[in-house]
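Here the structure comes first, spelled out in structure tokens, and everything after it is commentary.
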Amino acid sequence: DAFIYGGSYLWSKGSFYSMSLIIGVSGDADAVDGLTGGRYSYEVSGYFTNSVIGYTFDWPGNGWRFDLRAGLGHYDVETDRFDFAGGGGTIKGVAEAWSASLTGTLFTLVDYNGGTMRPYILASYKNVFDEDIEIKGDFVAEFEQADDFGKFELGFDYAKGMLTYGVAGYTEFSADETTIGARLGVSVKLQ
């Protein structure tokens, strides 16, 4: 049970743009330990922020364009202290990190059936640095995960009137894990 709030700001001039967003979270979490069956209830609070600057270039020939963007992000999330199962004391979770990313998207715009279709291919690299994931209290532990992440995505969007439809297939990967997935979406533009 959490309250998630935030805001974003977008500025553009010609082919240059920048965007910043911040998302805060505050609330309660409930969890069950799969080994001991212990139940935990604790408060969670923190924020996630990301800023991006980018430029869209005309790709030579056939109306294709290339969008290049760089991003810088930070998150800081923590729990309050809570009792560990089986009388093992109290613990508190803390996670904080910075990240830097570079993303390139090759796309074109096609008029189709009274709307605009945008097929694209995207490649992205992200480095996470100054990461700190810890459990503090009577039981202490630190966790580490890969610092470098990659992503490839192939998809298209179709905008007509107030609605935008999207479909994409993607893979995200690091030294620790790989994800292959698909995304379907619909959004409504109110202005």
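No hydrogens, no waters, no symmetry mates; every other heavy atom, side chains included, goes into these values.
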Worksheet item: Under 3.5 Å, is there a donor-acceptor pair between the side chain of K126 and the main chain of S101?
Response: no
Worksheet item: Can any side-chain N or O of T116 pair as donor or acceptor with the backbone N or O of D111 at less than 3.5 Å?
Response: no
Worksheet item: Between Y158 and Y112, what is the ring plane arrangement, given parallel below 30°, perpendicular above 60°, and tilted in between?
Response: perpendicular
Mind checking whether [X] and [Y] sit in one hydrophobic cluster, side chains of I, L, V, M, F, W, Y counted as touching below 4.5 Å?
{"X": "F156", "Y": "L163", "result": "yes"}
{"X": "L154", "Y": "W59", "result": "yes"}
{"X": "Y120", "Y": "M117", "result": "no"}
{"X": "F152", "Y": "Y125", "result": "no"}
{"X": "Y17", "Y": "F107", "result": "no"}

Just how far is it from atom [atom1] of [X] to atom [atom2] of [Y], taken to the nearest 0.5 Å?
{"X": "E78", "Y": "Y42", "atom1": "CD", "atom2": "OH", "result": "13.0 Å"}
{"X": "L68", "Y": "T103", "atom1": "CG", "atom2": "OG1", "result": "8.5 Å"}
{"X": "T49", "Y": "W98", "atom1": "OG1", "atom2": "CH2", "result": "8.0 Å"}
{"X": "S8", "Y": "N50", "atom1": "OG", "atom2": "CG", "result": "11.5 Å"}
{"X": "E96", "Y": "E134", "atom1": "CD", "atom2": "CD", "result": "10.0 Å"}
{"X": "K13", "Y": "S18", "atom1": "NZ", "atom2": "OG", "result": "12.5 Å"}

Worksheet item: Is the closest basic N to carboxylate O distance between R183 and E153 below 4.0 Å?
Response: yes
Practice prompt. Could you tell me whether D67 and R65 make a salt bridge, using a distance below 4.0 angstrom between a side-chain N and a carboxylate O?
Written response: no
Worksheet item: Is the distance between the ring centroids of Y55 and F57 less than 6.0 Å?
Response: yes
Worksheet item: Does F48 have its ring centroid less than 6.0 Å away from the ring centroid of H74?
Response: no
Show the nearest heavy-atom pair for residues [X] and [Y], with the distance to one decimal.
{"X": "G63", "Y": "T108", "answer": "O-OG1, 3.1 Å"}
{"X": "S174", "Y": "F149", "answer": "CB-CD2, 3.6 Å"}
{"X": "A146", "Y": "D176", "answer": "N-OD2, 2.6 Å"}
{"X": "S20", "Y": "S51", "answer": "OG-OG, 2.8 Å"}

Would you say [atom1] of [X] has more than 12 non-hydrogen atoms from neighbouring residues, nucleotides or ligands within 6.0 angstrom?
{"X": "I180", "atom1": "CD1", "value": "no"}
{"X": "D1", "atom1": "CG", "value": "no"}
{"X": "Y165", "atom1": "OH", "value": "no"}

Discussion item. Could you tell me if K151 sits above the aromatic ring of F173, with its cationic atom closer than 6.0 Å to the ring centre and no more than 45 degrees from the axis?
Written reply: no
Fill in: Derivation of the side-chain hydrogen bond (donor to acceptor under 3.5 Å, both in side chains) call for E177 and Q145
CA-CA 10 Å; E177 60 188 57; Q145 61 182 2; over 6 Å; no
Item to complete: Begin with the C-alpha distance, continue with both residues' side-chain angles, and end with the deciding distance and a verdict on side chain to side chain contact (heavy atoms under 4.5 Å, CB included) for T178 and T171.
Response: CA-CA 7 Å; T178 300; T171 180; 4.0 Å; yes
Item to complete: Using only heavy-atom distances, determine whether the side chains of D157 and T164 contain a donor-acceptor pair under 3.5 Å.
Response: no
Item to complete: Return yes if a side-chain donor-acceptor contact under 3.5 Å exists between D148 and N127, otherwise no.
Response: yes
Worksheet item: With a 4.5 Å heavy-atom cut-off, do R118 and T105 have their side chains touching?
Response: yes
Worksheet item: E131 and F143: side chain to side chain contact (heavy atoms under 4.5 Å, CB included), yes or no, with the steps?
Response: CA-CA 9 Å; E131 186 171 46; F143 302 94; over 6 Å; no
Worksheet entry | Test side chain to side chain contact (heavy atoms under 4.5 Å, CB included) applied to I133 and E142, step by step | CA-CA 6 Å; I133 304 172; E142 290 187 28; over 6 Å; no
